[in-house]
Amino acid sequence: MDNVAVHPDELAALRAPEGAAALVAAAEVLAAPGGTDPLTAATALRTAGVPAPLATAALTQAALRARATGKFGPAAARMFFTRAGLEQATRSVVADRRAARLRAAGVRHLADLGCGLGADSLAAARAGIRVYAVEADPATAAIAAANVEATGLAHLVDVVCADATGVDVSGYDAVFCDPARRSGNGRRTFDPDSYSPPWDFVRSLVARVPRTVLKVAPGIDHALIPPGAEAEWVSVDREVVEAAFWCGPLADTPRRATLLRAGRPATDLTGDGGEPVDVGPVRRFLYDPDGAVVRSHLVAAFAATVDGTLADESIAYVYADAPTDTPYGRCLEITDVLPFSLKRLRALLRERGVTRLEILKRGSPLDPAQLRRDLRLRTASGAGVAASLVLTRVAGAPTALLAHPVPAPGR
């Protein structure tokens, strides 16, 4: 199932009792040894009496549900997806946090423009907010409606198939807009003017509804941040997954980095994005800031939390004299600093007995995969020594740092 191939009749068939049984059977087949082989899986379902078209749809949907578990948790087993929709859908942990913030701000009735498969609408409803969910693509709107019903939230979410640009938003407490960031051929687009709805419309919402939240790609140009808005970048387990602009009364701070980690409390770092930071020599410990910290231009704010400095004003590595347990970045202890030289680096790694090497880089044009081949690490008969190689610049000069990760306390 993809955005083009999903037909209303196919979705209806999957939601019928026979389709529901086929989905259960498909999930069992895919979980069995060898079940991921398409021919084997299809044969197993047809042998069980599932008609070929339904078997194909059920297997594809079951595979998407399995992939969606990482974003939606157990609820994925009841939901329906498309490949493109799943890729753009907000992770539940992010959507729930956003919904809680909207609820705390007094939002009780939300317009979700460009609801996609319904991830943010569902989260808002779970927080007790009534949602008017708008989706322009008929097939996607049908799936969103199916997901609302499947999760028992139909009493709080109304899904309509409509052009978001024609929706009257004047009667809502707040607007959330997540424009589609794919071109007509399904490829990602990084040009806001190619969003759907287009950026001019998305930006105009800020003036029409005081409490507006705009979800955008993490690589969004900071120049596009609406005046007075809070720009937030969100990472999940150190992967930057989205950015959002909180406008009007919803803005609490100019910049925010929100870090969500499995098994750890959510944390955030705030600032104005223009804090000064000292530049000095390489120190004993290096911090690799979380991507959300870097994207939000809060590296200087982070450096202040670890008494850190930069070694190059344009490189987002922070250096300090002591390790600090921090959620905002990963800490490594530096053992060697040398101007980059392949020959010298190869000799150093041999001298240290390094056979397993993690390569990190910022400010270096080198390709880590090619460098790994060029280093010709020896294969050890035993476990060998593991190390981290950091390729960067120090005071403008290409530099290699050999280091080891500092374990977090209690690990």
Side-chain angles (χ1 to χ4, degrees), residues 1-3 5-32 35-36 41 44-45 48 50-51 53-100 110 112 114-135 137-161 178 236 241 262:
M1 292 173 67
D2 56 29
N3 274 350
V6 177
H7 189 277
D9 291 343
E10 185 179 74
L11 179 61
L14 287 169
R15 298 181 67 192
E18 184 181 8
L23 284 167
V24 171
E28 292 175 350
V29 166
L30 292 177
T36 55
L45 277 194
V50 180
L54 182 58
T56 299
L59 284 168
T60 304
Q61 192 59 219
L64 288 171
R65 285 179 170 183
R67 286 175 49 195
T69 301
K71 279 192 172 185
F72 292 91
R78 306 190 303 274
M79 297 172 66
F80 297 89
F81 302 96
T82 64
R83 290 186 178 90
L86 177 56
E87 288 181 7
Q88 187 167 324
T90 306
R91 297 168 187 252
S92 289
V93 64
V94 179
D96 286 342
R97 186 174 174 84
R98 178 161 39 235
L110 174 74
D112 182 355
C115 71
L117 302 182
D120 283 280
S121 291
L122 296 175
R126 287 193 294 268
I129 300 172
R130 286 200 59 85
V131 184
Y132 184 69
V134 179
E135 173 55 48
D137 178 66
T140 304
I143 293 177
N147 288 337
V148 167
E149 292 186 20
T151 52
L153 294 169
H155 62 294
L156 286 172
V157 182
D158 295 316
V159 179
V160 297
C161 181
D178 179 8
V236 178
V241 296

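Along the sequence shown, residues are numbered consecutively beginning with 1.
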Tightest non-hydrogen contact, residues Ser121 and Asp112, listed as OG-OD2, 2.6 Å

Nearest non-hydrogen partners of Arg130 and His155, listed with the distance
NH1-O, 2.6 Å

For Ala75, enumerate each residue passing the side-chain contact (heavy atoms from CB on, under 4.5 Å) test, keeping only those at least two apart in sequence or located in another chain.
Arg78, Met79

Closest non-hydrogen atom pair, Ala58 against Leu23
O-CD2, 3.8 Å

To the nearest 0.5 angstrom, please state how far the CG atom of Leu45 sits from the CG atom of Leu30.
8.0 Å

Working for side chain to side chain contact (heavy atoms under 4.5 Å, CB included), residues Phe81 and Ile143:
CA-CA 7 Å; Phe81 302 96; Ile143 293 177; over 6 Å; no

Under the side-chain contact (heavy atoms from CB on, under 4.5 Å) test, which residues partner Ala119, sequence neighbours left out?
Phe72, Ala89, Thr90

Measuring from atom CG of Leu59 to atom CG of Leu64, what distance do you get when rounded to the nearest 0.5 angstrom?
11.0 Å

Show the numbers, then the answer: is there a side chain to side chain contact (heavy atoms under 4.5 Å, CB included) between Val148 and Leu122?
CA-CA 7 Å; Val148 167; Leu122 296 175; 4.0 Å; yes

Any Leu117 side-chain heavy atom under 4.5 Å of Glu135 side chain
no

What heavy-atom pair brings Val50 and Ala22 nearest, and what distance separates the two atoms?
CG1-CB, 4.0 Å

So, taking the atom named CD in Gln88 and the one named OG1 in Thr82, what distance separates them when rounded to the nearest 0.5 Å?
9.5 Å

Could you check Leu54 against Leu14 for side chain to side chain contact (heavy atoms under 4.5 Å, CB included), going step by step and ending with a plain yes or no?
CA-CA 7 Å; Leu54 182 58; Leu14 287 169; 3.9 Å; yes

Smallest separation among heavy atoms of Asp137 and Cys161, with atom names:
C-SG, 4.1 Å

For Ala99 and Ala123 the tightest heavy-atom approach is CB-O, 3.4 Å

Any donor-acceptor pair under 3.5 Å linking the side chain of Lys71 with the backbone of Ala76?
no

For Asp120, which residues count as a salt bridge (Lys or Arg N to Asp or Glu O under 4.0 Å) partner, sequence neighbours excluded?
Arg98

One should read off an interatomic distance between Arg126 CZ and Ser92 OG, to the nearest 0.5 angstrom, of 5.0 Å

